[in-house]
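One structure is given below, encoded as structure tokens.
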Amino acid sequence: MMWFNLAQAQSSFMPTEGTKIAAQVDNLYGFLLVASLISCVILIGGMIFFVWKYRRKTNNDKTAYITHNTFLEFLWSFIPLVIFLGVFAWGWYVYHDMRSMPKNALEIHVFGKQWAWEFEYKSGVKTGNLIVVPVNKDVKLIMTSKDVLHSFYIPSFRIKQDVIPGTYTALWFNADKMGEFHVFCAEFCGTQHSGMLATLKVVSQADYDAWLEEESQVGTLPLAKRGEKIFAVKACASCHSSTDAAVKVGPPLFKKFGTLEHVEGAADVTIDENYLRESILNPNAKITKGFQKGVMPAFQGQLSETELNALIEYIKTLK
Ligand code: HEC
Ligand SMILES: [Cu+2]
């Protein structure tokens with residue numbers, strides 16, 4: 001039995017390699033790690049060895065007068081130079097692949113916002129914190145932010161890119177393994193930054209087509225079902241619990257409809273359709289007691305009347 005298995009050590013050390021580029025990045029990283037270890041042993045080992053070898057042995061030990069050694073100096077400059085240039089060329093090669101956007105890729109729009117990821121497919125399908133892509137297909141993400149700086153990071157693909165308000169940035173990948181992968185925000189963007197997570201699902205082309213078709217049917221679902229989708233897409237769920245009374249960033253919406261709510265600086269209000277409407281479109285109008293103003297984004301102008309109805313109908317079913 002081998003006491004050390006490199007492939008095994010690597011897989012417990014690094015996330016799954018989901019693309020060819022990920023494997024290339026890991027090779028370069030592995031080379032740098034091993035080269036650094038070897039240099040470290042040679043340098044520190046050599047230093048300790050010479051300190052010991054040339055230590056003062058008697059009181060009148062004299063140090064030899066050596067000023068330089070052209071051959072040695074040439075070697076220790078030239079060898080690292082060759083290695084560094086090699087690493088540069090290698091890094092350039094991988095980076096070039098990583099940054100050259102493929103033609104005819106499946107393009108998906110990505111929005112970063114405090115604190116969720118939204119995805120928009122060309123067919124009009126929208127998802128929140130969930131991106132589904134077919135396996136072995138070039139996918140290009142066209143990304144922008146609705147508020148502050150975010151960064152789209154898929155550790156398993158070894159790719160990461162800042163997502164900037166007012167401009168587009170892009171990433172591409174070709175996933176060669178099916179499964180679920182993590183997406184993180186890698187730019188500190190506020191209190192819920194660490195909760196700004198999405199799931200990337202790599203599925204077969206057939207499953208992808210079926211999924212897209214099913215999502216396109218959202219408009220024909222009953223209102224409350226549609227509301228459930230919108231609740232997910234708009235990432236309401238990252239701040240509001242819909243299944244229990246847990247307090248997240250915002251108050252839970254479970255079993256809330258028809259109850260009395262305490263609001264800051266006013267008499268209690270009954271949670272009815274109008275209260276929900278106002279709370280969603282203009283959250284600062286009434287602040288729920290115990291919560292902060294300005295945390296919930298205003299959805300005025302971001303939801304159609306039908307979408308708003310669907311959300312309200314959905315909230316009414318939470319019991
Ligand atoms: C970034 C976190 C965040 C997001 C996203 C968010 N909310 Fe809120 N929401 C809050 C906070 C905080 C409050 C309490 C303060 C207030 O009243 O504005 C609140 C209050 C509410 C209330 C009033 C609840 C009550 O008990 O008084 C409703 C209804 C509501 N949100 C619905 C939604 C819906 C629907 C969405 C998605 C379209 C959403 N929220 C998205 C944070 C959020
Ligand atoms: Cu972020």
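Scope of the values below: all heavy atoms of this structure, side chains included, with no hydrogens, waters or symmetry mates. In this text, all values refer to a predicted model and were calculated from it rather than measured experimentally. Just so you know, ligand 1 is whichever comes first in the structure, and atom 1 is the first atom listed for that ligand.
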Leu253 vs Phe231 side-chain heavy atoms within contact, under 4.5 Å = yes

- prompt: Can you find a heavy atom in the side chain of Pro15 that is under 4.5 Å from one in the side chain of Arg158?
  reply: yes

Sorted by chain and number, protein N/O/S atoms nearer to the Cu ion (ligand 2) than 2.8 Å are His150 ND1, Cys185 SG, Cys189 SG, Met196 SD

(Q) Any non-hydrogen side-chain atom of Lys160 less than 4.5 Å from a side-chain atom of Ser151? (A) yes

Phe119/Val132 under side-chain contact (heavy atoms from CB on, under 4.5 Å): CA gap, chis, key distance, verdict
CA-CA 9 Å; Phe119 303 94; Val132 180; over 6 Å; no

### Query
Can you find a pair of side-chain heavy atoms, one from Ile108 and one from Val133, that are under 4.5 Å apart?
yes

For Asn104, the side-chain contact (heavy atoms from CB on, under 4.5 Å) test, sequence neighbours excluded, returns none

(message) Main chain of Lys248, side chain of His240: is a donor-acceptor contact present, judged purely on distance under 3.5 Å?
(response) no

So salt bridge (charged side-chain N to carboxylate O under 4.0 Å, His left out) across residues 305-319, not counting sequence neighbours, yields Glu273-Lys316, Arg277-Glu305, Glu313-Lys316

Lining ligand 1 at under 4.0 Å, by non-hydrogen atom distance, are residues Trp115, Lys234, Ala235, Cys236, Cys239, His240, Val249, Gly250, Pro251, Leu253, Lys256, Glu261, Ile271, Tyr275, Leu276, Ser279, Ile280, Pro283, Lys286, Ile287, Thr288, Phe291, Gln292, Val295, Met296, Pro297, Phe299, Leu311

Would you call Glu261-Lys286 a salt bridge at under 4.0 Å N-O? no

